[in-house]
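Contents: one structure, followed by commentary.
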Amino acid sequence: MSEFAHLMRLAARLAVRGHGHVEPNPMVGCVVLDRDGAFAGWGYHRRIGGAHAEVEALKRAGMKARGGTVIVTLEPCTHHGRTPPCVEALRTAGVARVIFGERDPHPQAQGGQAWLRGAGIACEQLSLPETRDLNAPFVKRVTTALPWVIAKWAQTVDGRIATRSHDSQWISGDRSRAMVHRERGRVDAVLTGIGTVMRDDPLLTCRSGRPRRNAIRVIVDPELTLPLDRKVVRTAKEHRTVVTTLPKAFGEKSEHRRALGDLGVGCMKQHSDFKGLLEALRREFEASTVLVEAGGGLTGALLQEGLIDEAWVFVGPRLLADEQAMGPARGRVTERIAQGIPLRLLSVRRRGPDALLHYRFGG
Ligand SMILES: NC(=O)c1ccc[n+]([C@@H]2O[C@H](COP(=O)([O-])OP(=O)(O)OC[C@H]3O[C@@H](n4cnc5c(N)ncnc54)[C@H](OP(=O)(O)O)[C@@H]3O)[C@@H](O)[C@H]2O)c1
């Protein structure tokens with residue numbers, strides 16, 4: 001089985017190409033070998049409602065798939081959804097063996113392994129860290145009412161996201177910022193706090209590449225102080241924008257709420273916790289992925305509730321050496337290093353002069 005690990009990793013890399021197009025579906029990649037073990041085809045799930053990875057890869061492989069082996073990152077599905085079941089496509093193509101990465105947690109689609117074995121096709125699981133990481137957002141969406149949450153921040157080498165006077169522009173370089181702009185076009189919601197809107201006046205829109213989806217901008221503003229001259233307000237008629245505020249301010253500041261409404265900004269009552277807000281974003285705006293671009297206040301509060309799944313940390317080549325400069329998250333008291341929140345490093349990449357550290361929380 002381990003001889004297939006590099007092909008499973010290749011399938012996982014192919015799957016990521018669907019990011020932003022397929023959610024809330026899973027990202028899935030697939031490789032087909034012919035009966036002699038030679039490379040015959042590849043595919044990935046490109047967009048929601050489109051062909052599944054197996055079907056695309058089998059199409060590319062054509063007759064070479066007969067008697068061959070299929071390596072796919074997720075257990076082939078058994079249900080008639082927007083497309084026919086993949087298990088039937090595999091049987092029709094005459095493949096001899098299927099190796100899949102992760103079990104399908106979806107109640108309607110699972111059971112592919114048993115189905116294939118019942119049809120006389122050898123079927124085994126080859127779970128790798130890469131396939132587990134790839135599937136984690138899908139597993140979370142299927143097993144909870146929450147979206148997948150990515151926190152992004154730019155920091156100096158000594159871990160500061162702004163100076164003591166709140167200057168933060170720019171810590172990271174053009175290439176890092178272009179990547180963030182692109183990512184905004186691949187998520188369903190961009191979440192920030194009023195502190196960031198007041199200090200940085202960001203647009204929070206996708207301005208690099210063609211957006212794959214239109215993210216709603218969500219601003220946490222407990223006292224409803226969002227001024228009408230902010231960029232997020234002035235562009236709210238073109239880019240959906242919502243502010244969440246405490247019930248008290250919601251009631252007392254109805255005039256300001258109306259003025260924001262006239263400019264296109266929706267207003268939601270703040271939930272008792274951020275889990276409630278994230279559930280509401282999933283339920284009311286079908287948000288399957290949320291990008292958090294906030295300061296230490298909001299990021300810290302989300303961390304406290306254990307709601308962040310992934311962090312993208314852009315480290316710019318600068319040192320402030322000022323203990324009053326701002327950190328990326330606050331609100332915890334830790335006496336010992338062992339009390340810190342553990343993260344797992346997924347990758348380190350260079351983006352021009354910056355380093356991009358990609359982390360996962362939990363597991
Ligand atoms: N380098 C970067 O990547 C980056 C990115 C974004 C922002 N920044 C910097 O971060 C700074 C702003 O940070 P910030 O912390 O002031 O603002 P923030 O995180 O953008 O917003 C904080 C907001 O969240 C609210 N909040 C925090 N905990 C809460 C809780 N438990 N329940 C309800 N609401 C809660 C706060 O309410 P309360 O006022 O009631 O506490 C406040 O309204 C700026 O200097 C900006 O330049 C840097």
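One-based numbering, in listed order, for ligands and for the atoms of each. Note that the numbering runs from 1 along the sequence shown for the chain.
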Applying salt bridge (charged side-chain N to carboxylate O under 4.0 Å, His left out) to R344 and D133, what does each step give before you reach the verdict?
CA-CA 11 Å; R344 190 163 50 87; D133 289 336; 2.9 Å; yes
Check step by step if side-chain hydrogen bond (donor to acceptor under 3.5 Å, both in side chains) holds for S176 and D354.
CA-CA 7 Å; S176 300; D354 307 331; 2.5 Å; yes
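Remark: R257 is positioned above the aromatic ring of F250, its terminal NZ or CZ atom under 6.0 angstrom from the ring centre and at most 45 degrees off the axis.
Using a 30° and 60° split on the angle between ring planes, H52 and H45 fall in the perpendicular class, above 60°. Classified by interplanar angle (parallel below 30°, tilted 30° to 60°, perpendicular above 60°), the ring pair H358/W312 is perpendicular.
Between the H166 side chain and the T163 main chain, no donor and acceptor come within less than 3.5 Å of each other.
At a 4.0 Å heavy-atom cut-off, the residues surrounding ligand 1 are K152, W153, A154, I161, A162, H166, S168, I171, G193, I194, G195, T196, R199, D200, V220, P222, Q270, F274, A294, G295, G296, G297, L298, A301, M326, R330, listed by chain and number.
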